[in-house]
There are 2 protein chains.
Amino acid sequence: MSKTGVRKGPRRADAQHNHEVILAAARAAVAVRGDDIVLEDIARSAGVGIGTLYRHFPTRQELLEATFLDEALELRQRAEELKTAPAALGALIDWLRLQMDFGAHGRSMGAAVMNAKHTEGTEIQIACVSMRDAGAVLLRRAQDAGEVRPDVEIASLLRLMHGIVMANEHAPDQSLVNPMFDVVIAGIRT
Amino acid sequence: MSKTGVRKGPRRADAQHNHEVILAAARAAVAVRGDDIVLEDIARSAGVGIGTLYRHFPTRQELLEATFLDEALELRQRAEELKTAPAALGALIDWLRLQMDFGAHGRSMGAAVMNAKHTEGTEIQIACVSMRDAGAVLLRRAQDAGEVRPDVEIASLLRLMHGIVMANEHAPDQSLVNPMFDVVIAGIRT
DNA sequence: CTTGCAACCGGAGGCAACCTCCGTATAGTA
DNA sequence: TACTATACGGAGGTTGCCTCCGGTTGCAAG
């Protein structure tokens, strides 16, 4: 029931160290190649064996999620900061754009993470939920200010950002990203 | 310069037959499993060797595109029909929804196809362009009727449909599809 | 410092899917 | 019928995912 597969408690020093090194290597790789990273490459560039990588991150999915965790936390943080921005709608728009930028930078990393049916209580699941909740506050504020239609939901909005990133991910030109974003923004305005 | 890899001209009868059988098997598989079909399964279910499959469709991509070709043609056809529908905006909306339905049914088949940088003159490329052009007429008509903002482009719209499908593809629930679509429609209205 | 063992390491190897190569078979023609 | 361009098909090379288990080592107790 609580076998999460990866321990977070006190570990042997070498294990702790390897965990960090692997994660760093994974982040670097994801930043370049997106979610089609090659796990053996990461192990090699981290200077550990493939077996070690798999002990720390039993699944490709878990490794990707771990690299995404920081981003989720930062997006939550940004939302907190934007809560007090003068323009309610402007704050929401800025934050939604951040969603895309993060997603675009890490390629479809979000894809692997956001669509996964995370088991309740997972670290990544908690992070995603709290990020989304923070965004919901921004949305609500813009709605209360009468700038955004009241029937729009945060989940739809996030998934739309996600969709824009995905749809443009392998496209030769990125020139449609802004027009697509603009359509969505126009669509939530009152 | 004209080596397209797959001949379409006169072929031996057995080759012609195999081509059709493979394509039929591929279509059936794609309808079920989306774009993560297993080529050897398709060869087997078509009753041919894997080598034969690869001779007819040298690349996974080409096989997927071939299965998508029909849909592209049909979507073009539908656009032609809708040109004379009484409600200009309604016609556009109906057609955009068809885009999603086709994409959703064939899973992200569209993904593999629409984002690929097709070399000029490919059969699939021609089909995509003419489908898009037919949609552009619907869009223009709605714009001329003053129902859709004049600065919206058909390419953005298609890619948004594509993004909605992709973003929901592996999601456990499909309940966000309609809200997302509605936001986009609201976003193109005047 | 030494010892003992639980925790950890690492890579050989199994598996699955993609794709290629080439010896064999055959449709179509003279 | 005989000949050959065309086509067939599967063995096998390659890559990437993941597992298994013999060897190694941090570290705590004596």
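These numbers come from a predicted model, not from an experiment. Only this structure's heavy atoms are used, side chains among them; waters, hydrogens and symmetry mates stay out. Every chain is numbered from 1, with letters handed out A, B, ... down the list of sequences.
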Looking at the side chain of B:Arg60, which of D:dG16, C:dG28, C:dC18 is the nearest nucleotide?
C:dC18

Out of curiosity, A:Asp173 CG to A:Asn168 CG, how far, rounded to the nearest 0.5 Å?
8.0 Å

Look at A:Asn18 and C:dC8 and indicate whether a side-chain polar atom (N or O) is within less than 4.0 Å of OP1 or OP2.
no

Do you see a donor-acceptor pair shorter than 3.5 Å between the side chains of A:Glu65 and A:Gln61?
yes

Are any of B:Thr52's side-chain N or O atoms less than 4.0 Å away from OP1 or OP2 of D:dA7?
no

Rounded to the Å, how far apart are B:Ile22 CD1 and C:dC19 P?
14 Å

Take the protein atom CG of B:Asp41 and the nucleotide atom P of C:dA17, then report the distance between them rounded to whole Å.
7 Å

If I take atom OH in residue A:Tyr54 and atom P in nucleotide C:dA12, what distance separates them, rounded to the nearest angstrom?
16 Å

Take atom CG of A:Asp36 and atom P of D:dT15, then tell me their distance rounded to the nearest Å.
16 Å

Quick test of your reading of the model: are A:Asp70 and A:Arg27 salt-bridged, counting only N-O distances below 4.0 Å?
yes

Integer-rounded Å distance: D:dT14 P and B:Leu39 CG:
20 Å

Value in whole Å for how far the P atom of C:dG13 lies from CD1 of A:Ile50:
16 Å

Rounded distance (Å) that lies between atom P of D:dC8 and atom CG of B:Asp14:
5 Å

Using a cut-off of less than 4.0 Å, is there contact between a side-chain N or O of B:His56 and OP1 or OP2 of D:dC8?
yes

Regarding A:Ile37, tell me which of base, sugar-phosphate or nothing describes its non-hydrogen contacts under 4.0 Å with the strands shown.
sugar-phosphate

Can you tell me if the side-chain N/O atoms of A:Arg55 get under 4.0 Å from OP1 or OP2 in C:dC9?
yes

Does a side chain donor of either A:Asn18 or A:Arg12 reach within less than 3.5 Å of an acceptor in the other side chain?
no

